[in-house]
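What follows is a single structure, written as structure tokens, with notes after it.
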Amino acid sequence: MSDVVEIHVNGRAVRVPASASLAAALLAAGESAFRRSVTGAPRAPLCGMGICYECRVTVNGVAHVRACLETVAPGMDVVTGG
Amino acid sequence: MAETAPRRVTADVAIVGAGPAGIAAAVRAAESGARVVVLDEAPRPGGQIWRHTTRGTLPRGARRWLERLDASGAQVLSGASVVDADGPRLLAQWRGEPLVVSAERIILATGARELFLPFPGWTLPGVVGVGGAQALLKAGMPVAGRRVVVAGSGPLLLAVAAALAGAGAHVAVVAEQAPAAAVRRFAAGLWRRPAKLWQAARYRAGVPRARHRPGVWVTRADGDTTVREVTLTDGRRTWTVPCDLLAVGYGLVPATELPRLLGCRIERGRVHVDEYQRTSEPAILCAGEPTGIAGAHAALVQGQIAACAALDRPAEATSLLAARDAWRRFAARLEATFAPRDELRTLADADTVVCRCEDVTLGRIDASWGSRAAKRYTRAGMGPCQGRICGAALQYLFDWTPDRVRVPVAPATVGTLVHAAALNTEPQDPS
Ligand SMILES: Cc1cc2nc3c(=O)[nH]c(=O)nc-3n(C[C@H](O)[C@H](O)[C@H](O)COP(=O)(O)OP(=O)(O)OC[C@H]3O[C@@H](n4cnc5c(N)ncnc54)[C@H](O)[C@@H]3O)c2cc1C
Ligand code: FES
């Protein structure tokens, strides 16, 4: 079993630890704006446990996925800043 | 759309939450021969403290509980969010499908979450909770070489600072808002009680470079695309500390949505239980953090007591009652020591976002309103977090009481929600 997987973040290929949550992986990849708030401000994970909804991203075309509750998977296609 | 017939599960005991409390309850009940089902929305059992860590590296006691859970015969449904409840029945969403659970008894072990209090800059990327930092760190967030400020209140501060330092972060300061004298008294009490839940002293020793500063709190954070600088005060002096990660949280608050939905009596934010963890509602028991914040050991004891009571064998719990009562006293001391100081109510200014989902600023909210009016006039608390973040903050800032619980208590698909209305009207399973 490989301990690194490749995912795509806004079209960019990044290699992240296979055991990481998607939120941790995106932070590792240098993402800071996971989503834009209703007034356009950048937001990123706050609670780390699924309650604040600040870590929402689009995963394989599905919007509003909480990145902190998701484990990375090879080939995952992630779009941030939505 | 086509209505999916819900899957159905019947059990003697249904448990919501697979943290220490839920696990102990499941193990105790299933080992006594009861049919047990455990639902948790997380992908793995273990709760906030155990689930992020691979089993091999968990402390032996934790590993032992998880192994007993595997062997107990309890049915564990991970990834199942309970979205509605009525009497002894639960509606969950599991793998995108509706699931109806009917049980003789329900044990609510839904845990706690962090209390966040708004201050200017708290919405910047790089500002995370204290437990949030711990959860993200365990989930693989890299912190090596990062400059971190840990702030807020409670024993978790030192534990998390130690974990961050252990992962290579430079912990610039640990700012504990509670007064130094209160923290000293608390720590002295821990020495007398060797049960040492959070092992405050040891954690402290684990942060050699950090400066632990009781009586100090964050007044604002500044930055651009991410946090760059934190302003601290001790009430007399104010200074800034550069950092690229601020972990700040004011302790834990009980998660009481499901208990409230089921009509259980709540007192001072906690689910009221009798000496056998029975709530005010028949057939509904509650264990762990919803009954008061006392840590994982307390949750384990309460879970076992709840299981005995759920099986109508309260006598089997007698040997556990003294330990539970000691934890209750510990919880009271914890709450008194780390109660947020009044100054924290005045940190947010008119332009500070209070409701992060809807970007409602403090200036738009009138202290005389109450939670329901704030929702109606500003949408504060109407976003996807359903007021889990801003609700607790507004309750603290304005002494408001929480609004009625909205169903679903966790996000659910329409396919699941069509069954919510039926939950309280449809006949009981004949089985
Ligand atoms: C973010 C965070 C980090 C923490 N880190 C530490 C630490 O490093 N060290 C430490 O000693 N203590 C830590 N704590 C405290 C510790 O988690 C608790 O003391 C302990 O886990 C309490 O156990 P519990 O069983 O009562 O609750 P929990 O462990 O919180 O378990 C509750 C479970 O219920 C589930 N749940 C809740 N609602 C629903 C629902 N509607 N449907 C389905 N499932 C639901 C949750 O997913 C959760 O798994 C932390 C707490 C938090 C909130
Ligand atoms: S970080 Fe709060 S929901 Fe994901």
Side-chain angles (χ1 to χ4, degrees), chain A residues 1-5 7 9 14-60 62-73 76 80-82, chain B residues 41-44 47-48 51-52 54 79 81 111-114 116 122-143 146 223-227 244-245 247-249 255 353 355-361 379 383-390 392 410-411:
Chain A
M1 208 181 86
S2 162
D3 45 4
V4 173
V5 297
I7 65 172
V9 182
V14 292
R15 291 166 65 74
V16 296
S19 60
S21 75
L22 180 55
L26 292 173
L27 291 169
E31 282 301 317
S32 59
F34 279 53
R35 72 173 192 106
R36 294 275 161 187
S37 75
V38 296
T39 60
R43 294 287 169 75
L46 173 71
C47 74
M49 59 175 286
I51 63 159
C52 74
Y53 286 75
E54 291 286 30
C55 64
R56 276 174 287 161
V57 295
T58 300
V59 177
N60 300 332
V62 180
H64 306 304
V65 173
R66 283 170 288 174
C68 69
L69 295 185
E70 217 49 42
T71 304
V72 292
M76 211 176 220
T80 66
Chain B
E41 60 189 352
R44 275 184 299 281
Q48 287 309 327
R51 74 158 167 263
H52 304 281
T54 40
S81 303
R113 56 174 166 261
E114 269 187 279
F116 296 105
W122 77 301
T123 54
L124 281 169
V127 179
V128 300
V130 172
Q134 178 80 315
L136 289 163
L137 179 67
K138 286 181 183 171
M141 172 177 71
V143 295
R146 294 182 77 179
D224 32 62
T225 54
T226 177
V227 63
D244 46 30
L245 184 68
V248 57
V353 165
C355 166
R356 302 170 63 119
C357 294
E358 301 284 343
D359 278 359
V360 180
T361 54
R379 291 192 57 76
C385 96
Q386 300 193 0
R388 280 175 174 67
I389 305 294
C390 65

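Source: prediction; values computed, not measured. Residue numbering restarts at 1 for every chain, and letters A, B, ... go by the order of the sequence lines.
Counting heavy-atom pairs closer than 4.5 Å to chain B, the top-ranked of the candidates A/L27, A/L26, A/T39, A/V16 is A/T39. Counting heavy-atom pairs under 4.5 Å between each of A/A23, A/A25, A/P42, A/A41 and chain B puts A/P42 at the top. Contact count versus chain A (heavy atoms, under 4.5 Å) is highest, among B/R113, B/Q134, B/R388, for B/R113. Highest contact tally toward chain B, considering only A/P17, A/G48, A/S19, is held by A/G48 [criterion: heavy-atom pairs under 4.5 Å]. Taking chain A as the reference chain and counting heavy-atom pairs below 4.5 Å, the highest number among B/G126, B/P142, B/P43, B/G131 is found for B/P142.
The two atoms that bring B/L136 and A/P45 nearest to each other are CD1-CB, 4.1 Å, heavy atoms only. Across all non-hydrogen atoms, the minimal contact from A/L22 to A/V72 is CA-CG1, 3.8 Å. Among all heavy-atom pairs drawn from B/R356 and A/R43, the shortest one is O-NH1, 2.9 Å.
Looking at B/E114, its side chain does come within 3.5 Å of a backbone N or O of B/G132 through a donor-acceptor pair. A donor-acceptor contact shorter than 3.5 Å links the side chain of B/R44 to the backbone of B/R51. A donor-acceptor pair under 3.5 Å links the side-chain atoms of B/R146 to the main chain of B/D244, judged by distance alone. At distances below 3.5 Å, at least one donor-acceptor pair connects side-chain atoms of B/T226 with backbone N or O atoms of B/P125.
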Residue pair B/R379, A/V38: steps toward the side chain to side chain contact (heavy atoms under 4.5 Å, CB included) verdict: CA-CA 12 Å; B/R379 291 192 57 76; A/V38 296; over 6 Å; no
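Of the atoms belonging to B/P384, heavy atoms from both backbone and side chain fall under 4.5 Å from chain A. Contact annotation for B/I389: only side-chain heavy atoms (C-beta onward) come within less than 4.5 Å of a heavy atom of chain A. Looking at A/A33, there are no atoms closer than 4.5 Å to chain B (heavy atoms on both sides), in backbone or side chain. For A/E54, the part lying under 4.5 angstrom from a heavy atom of chain B is the side chain only. Contacts between B/V353 and chain A at a heavy-atom distance below 4.5 Å involve the side chain alone, from C-beta outward. Proximity to chain B involves both the backbone and the side chain of A/L46, based on heavy atoms less than 4.5 angstrom apart.
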